[in-house]
Amino acid sequence: DPGINPVQKVITGGGVPLRSVTNHALAGYHMTGSIPMIVEPEGSLGWWLKWGLGDVTTVTNGATSSYTHTFSLTDSLKSFTLWLARGSTQTIKVPYCVVDSIEFSQAVGDALRCNVGILGQKETIAADFGTETYSTLPPIMNSALTVSIGGASTGQAAQVFNSSISIQNGFDVDKGRVHGSRFYTGLVPGKRIISGSFDLYFD
């Protein structure tokens, strides 16, 4: 289940002769959380990759309705507005969100899984955003994937199992804050870190 929650900093102050806090002030505020998912051929993954990596090009495969999407790393990451439903009675939206991280994992006999880390400015009550839709296609299973190492998908590359990859964009919430607001006005990306691991059978 997705979990997007507020992070509220509080500055407390106390007098010298007292042991208790005499006053406090509200400091920085932002939203953070993650959205786990099972990856399907038709779903929201394309948007997460575009917002988390930066760029995408799409090519039609012949005259069919099949497409090849190529996602590329850029330094110009765009923000988006996230809409959430709290139960069945309240809908909120979180503006100026960014994808802070994307993590993929694939185990033998399991579906491809993804976890997207989100940073957002603040939540506001919103009108209903319509009826949700769901994909009717099955998830991407490990049997549908081909792994290539060094451009080759044969030999040792065919022996890969339990693979994972992580993309961390390194946004710094506090560097985007300015005087006059508790909320960041822009997010400053830090060093992007890409890491991963896989298990490999050797003959």
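In what follows, every heavy atom counts, from backbone to side chain, and hydrogens, waters and symmetry copies are set aside.
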Side-chain contact test, heavy atoms from C-beta onward, threshold under 4.5 Å: evaluate it for [X] versus [Y] and give yes or no.
| X | Y | result |
| --- | --- | --- |
| Gln8 | Pro6 | no |
| Cys97 | Ser79 | no |
| His30 | Arg177 | yes |
| Asn61 | Thr68 | yes |
| Ile118 | Ile4 | yes |

Could you tell me which non-hydrogen atom of [X] sits nearest to which non-hydrogen atom of [Y], and how far apart they are?
| X | Y | result |
| --- | --- | --- |
| Leu137 | Pro41 | CD1-CB, 3.9 Å |
| Trp83 | Ala126 | CZ3-CB, 3.5 Å |
| Cys114 | Ile102 | SG-CG2, 3.8 Å |
| Leu200 | Phe161 | N-CE2, 4.2 Å |
| Gln121 | Val94 | N-CG1, 4.0 Å |
| Thr81 | Pro95 | OG1-CA, 4.0 Å |

Roughly how far, to the nearest 0.5 Å, is [atom2] of [Y] from [atom1] of [X]?
| X | Y | atom1 | atom2 | answer |
| --- | --- | --- | --- | --- |
| Leu49 | Ser72 | CG | OG | 11.0 Å |
| Leu112 | Ser105 | CG | OG | 7.0 Å |
| Arg113 | Ile38 | CZ | CD1 | 4.0 Å |
| Met141 | Gln106 | CE | CD | 7.5 Å |

For this session: For side-chain contact (heavy atoms from CB on, under 4.5 Å), just list the numbers for Phe104 and Leu45, CA-CA rounded to whole Å, side-chain angles, deciding distance to a tenth of an Å, and then say yes or no.
Result: CA-CA 11 Å; Phe104 290 98; Leu45 180 63; 3.9 Å; yes
Cluster check [X], [Y]: I/L/V/M/F/W/Y, side chain < 4.5 angstrom:
| X | Y | result |
| --- | --- | --- |
| Val7 | Ile11 | no |
| Phe80 | Tyr184 | no |
| Ile165 | Ile35 | yes |
| Phe171 | Ile193 | no |
| Val56 | Leu53 | yes |

Exercise. Hey, do the aromatic rings of Phe71 and Trp51 have their centres closer than 6.0 Å?
Worked result: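 No.
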Is there a donor-acceptor pair under 3.5 Å between the side chain of [X] and the backbone N or O of [Y]?
| X | Y | result |
| --- | --- | --- |
| Thr185 | Gly176 | yes |
| Arg182 | Ala27 | yes |
| Arg192 | Leu73 | no |
| Thr60 | Gly62 | no |

Problem set entry | Partner set under side-chain hydrogen bond (donor to acceptor under 3.5 Å, both in side chains) for Thr70, not counting sequence neighbours |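 For Thr70, no residue satisfies side-chain hydrogen bond (donor to acceptor under 3.5 Å, both in side chains) once neighbours in sequence are set aside.
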For this session: Output all residues satisfying side-chain hydrogen bond (donor to acceptor under 3.5 Å, both in side chains) with Tyr96, sequence neighbours left out; order by chain, then residue number.
Result: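 Partners of Tyr96 under the side-chain hydrogen bond (donor to acceptor under 3.5 Å, both in side chains) test: none.
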Exercise. Are Val116 and Met37 close enough, and set up right, to give a side-chain contact (heavy atoms from CB on, under 4.5 Å), and what steps lead you there?
Worked result: CA-CA 8 Å; Val116 180; Met37 69 190 75; 3.8 Å; yes
Exercise. When Leu187 is tested against each of Leu119, Leu77, Asp172 for side chain to side chain contact (heavy atoms under 4.5 Å, CB included), which residue passes?
Worked result: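 Running side chain to side chain contact (heavy atoms under 4.5 Å, CB included) over Leu119, Leu77, Asp172 with Leu187 returns exactly one hit, Leu119.
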Problem set entry | Side-chain H-bond candidate by donor/acceptor type, Asn169 with Ser101, under 3.5 Å |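 No, because no side-chain N or O of Asn169 sits under 3.5 Å from a partner of the opposite role on Ser101.
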For this session: Evaluate the criterion side-chain contact (heavy atoms from CB on, under 4.5 Å) for residue pair Tyr29 and Lys9; output intermediate values, then yes/no.
Result: CA-CA 6 Å; Tyr29 184 99; Lys9 294 183 178 179; over 6 Å; no
Problem set entry | Asp55: salt bridge (charged side-chain N to carboxylate O under 4.0 Å, His left out) partners, not counting sequence neighbours |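 Asp55: no salt bridge (charged side-chain N to carboxylate O under 4.0 Å, His left out) contacts found.
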For this session: Begin with the C-alpha distance, continue with both residues' side-chain angles, and end with the deciding distance and a verdict on side-chain contact (heavy atoms from CB on, under 4.5 Å) for Val99 and Trp48.
Result: CA-CA 7 Å; Val99 173; Trp48 299 125; 3.9 Å; yes
